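Only a predicted model underlies this, so the values are computations on that prediction, with no experimental measurement involved.
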Amino acid sequence: MNVSYRSASPSDLEFLYQLHRAAMRPSVEQTWGNWQEEWQRNRFEQRFAPEVLQIILCDGQPVGVLHVDERTEERFVAMIAILPAFQGRGLGTQALRQVMQTAADQGKPVVLRVLKINQRALNFYQRLGFSVTAETITHFILIWEPTPFRRSTP
């Protein structure tokens, strides 16, 4: 399995909407009661910003998306999604570990949020070392902090 990344482009709009729909619809329906297709599509298109997105490729095929917002004090994972057919293969783990390594090199934590109803995603983030630090009505806020390098004294 060859995993790579490329910058998103405007031509990725339909793939990314279908990914959003496949990855988020069950959690949205459980959280808010229904999936309003027209509203979801309109909101997605209004917020679509390919310049900040990385497409996750598996053997050259688009299978996911990653959006990391570089902030002064943290790296914020604004979005990570993998097509359901490709989940459980380590793609998300690999992508987040790269985000975490860059954060560690910068001495920054990684922050993200997850819908409370999405227990599978919450368990995934916790397995990677993220901890819940806050919550809203619908989301948990999680943080991963790099372990500082400790020098032994001579």
Side-chain angles (χ1 to χ4, degrees), residues 1-8 12-13 15-36 39-40 43-44 46-59 61-150:
M1 178 170 65
N2 181 21
V3 179
S4 58
Y5 304 85
R6 69 167 172 80
S7 297
D12 290 309
L13 175 67
F15 162 72
L16 290 169
Y17 179 72
Q18 293 305 320
L19 170 62
H20 168 73
R21 188 174 195 267
M24 294 302 298
R25 185 173 182 161
S27 294
V28 167
E29 288 176 338
Q30 289 178 349
T31 301
W32 289 283
N34 64 4
W35 177 269
Q36 297 176 355
W39 185 87
Q40 287 287 339
R43 185 168 189 259
F44 186 87
Q46 288 170 358
R47 301 175 93 191
F48 181 61
E51 64 277 3
V52 298
L53 304 174
Q54 290 291 306
I55 303 295
I56 301 169
L57 305 165
C58 181
D59 297 326
Q61 175 184 352
V63 297
V65 64
L66 176 66
H67 173 198
V68 179
D69 185 9
E70 297 291 344
R71 298 177 177 175
T72 304
E73 298 297 321
E74 67 191 20
R75 298 190 88 210
F76 181 75
V77 179
M79 180 182 354
I80 182 168
I82 306 291
L83 286 171
F86 288 85
Q87 292 175 3
R89 299 183 187 190
L91 300 169
T93 299
Q94 183 176 333
L96 274 179
R97 286 200 189 282
Q98 288 180 358
V99 171
M100 293 159 70
Q101 182 59 56
T102 300
D105 292 346
Q106 297 170 340
K108 295 181 179 182
V110 178
V111 177
L112 55 81
R113 46 184 229 149
V114 63
L115 283 167
K116 288 181 175 180
I117 199 75
N118 194 343
Q119 190 65 45
R120 183 176 180 204
L122 178 62
N123 291 341
F124 165 69
Y125 297 132
Q126 289 176 323
R127 277 193 311 273
L128 288 175
F130 284 82
S131 301
V132 175
T133 60
E135 62 183 275
T136 68
I137 292 171
T138 56
H139 290 81
F140 289 119
I141 312 303
L142 292 94
I143 189 167
W144 173 85
E145 296 188 73
T147 305
F149 176 75
R150 292 187 177 90

Side chains of F15 and V65 in contact at under 4.5 Å (non-hydrogen atoms): no
Quick check: are there more than 12 heavy atoms from other residues, nucleotides or ligands sitting under 6.0 Å from CZ of R113? no
Please report the shortest heavy-atom distance between I80 and G92, naming the atom on each side. CD1-O, 4.0 Å
Just by distance, do the side chain of D59 and the backbone of N2 share a donor-acceptor pair under 3.5 Å? yes
Where is the tightest heavy-atom contact between A95 and Y5, given as atom of each residue plus distance? CA-OH, 3.4 Å
Assess the residue pair V3 and Q98 against the criterion (side-chain contact (heavy atoms from CB on, under 4.5 Å)); give the C-alpha distance rounded to whole Å, side-chain angles, the decisive distance to 0.1 Å, and a yes or no. CA-CA 12 Å; V3 179; Q98 288 180 358; over 6 Å; no
V110/Y125 under side-chain contact (heavy atoms from CB on, under 4.5 Å): CA gap, chis, key distance, verdict: CA-CA 11 Å; V110 178; Y125 297 132; over 6 Å; no
Could you check whether any side-chain heavy atom of I55 comes within less than 4.5 Å of a side-chain heavy atom of L16, counting everything from C-beta outward? yes
Between NE2 on residue H20 and CZ on residue R43, distance to nearest 0.5 Å: 7.5 Å
Side chain to side chain, W144 and L96, heavy atoms closer than 4.5 Å: no
Show the nearest heavy-atom pair for residues P146 and G107, with the distance to one decimal. CG-C, 4.4 Å
Tell me the closest heavy-atom pair linking S27 and L115, and the distance in Å. CB-CD1, 3.7 Å
For the side chain of Q87 and the backbone of I82, is there at least one donor-acceptor N/O pair under 3.5 Å apart? yes
Any side-chain heavy-atom pair of V52 and D69 under 4.5 Å: no
Check against side-chain contact (heavy atoms from CB on, under 4.5 Å), F130 and I143: CA-CA 5 Å; F130 284 82; I143 189 167; 5.6 Å; no
In this structure, CG of L66 is separated from CG of L91 (nearest 0.5 Å) by 12.0 Å
So L53 and F48, do their side chains get closer than 4.5 Å, heavy atoms only? yes
May I ask you to check whether over 12 heavy atoms, not counting those of R47, lie within 6.0 Å of atom CZ? no
Just say parallel, tilted or perpendicular for the rings of Y17 and F44, cut-offs at 30° and 60°. perpendicular
Would you say that M24 contacts Q40 through its side chain, given a criterion of any heavy-atom pair below 4.5 Å between the two side chains? no
Answer whether the closest heavy-atom distance between the side chains of F124 and N118 falls below 4.5 Å. no
I'd like to check L122 versus L142 (side-chain heavy atoms, cut-off strictly below 4.5 Å). Are they in contact? yes
Measure the spacing between CG of L112 and NE2 of H139 and express it to the nearest 0.5 Å. 10.5 Å
Sorted by chain and number, sequence neighbours left out, side chain to side chain donor-acceptor pair (under 3.5 Å) with Q18 holds for E14
Can you check whether V99's main-chain N or O pairs, donor with acceptor, with R75's side chain at less than 3.5 Å? yes
Could you grab the distance from atom NZ of K116 to atom CD of E135, nearest 0.5 Å is fine? 3.5 Å
Drop me the distance from Q119's CD to Q126's CD, to the nearest 0.5 angstrom. 7.5 Å
When every non-hydrogen atom of E73 is compared with those of P109, the smallest separation belongs to O-CD, 3.3 Å
Separation of E145 CD from K108 NZ (nearest 0.5 Å): 14.0 Å
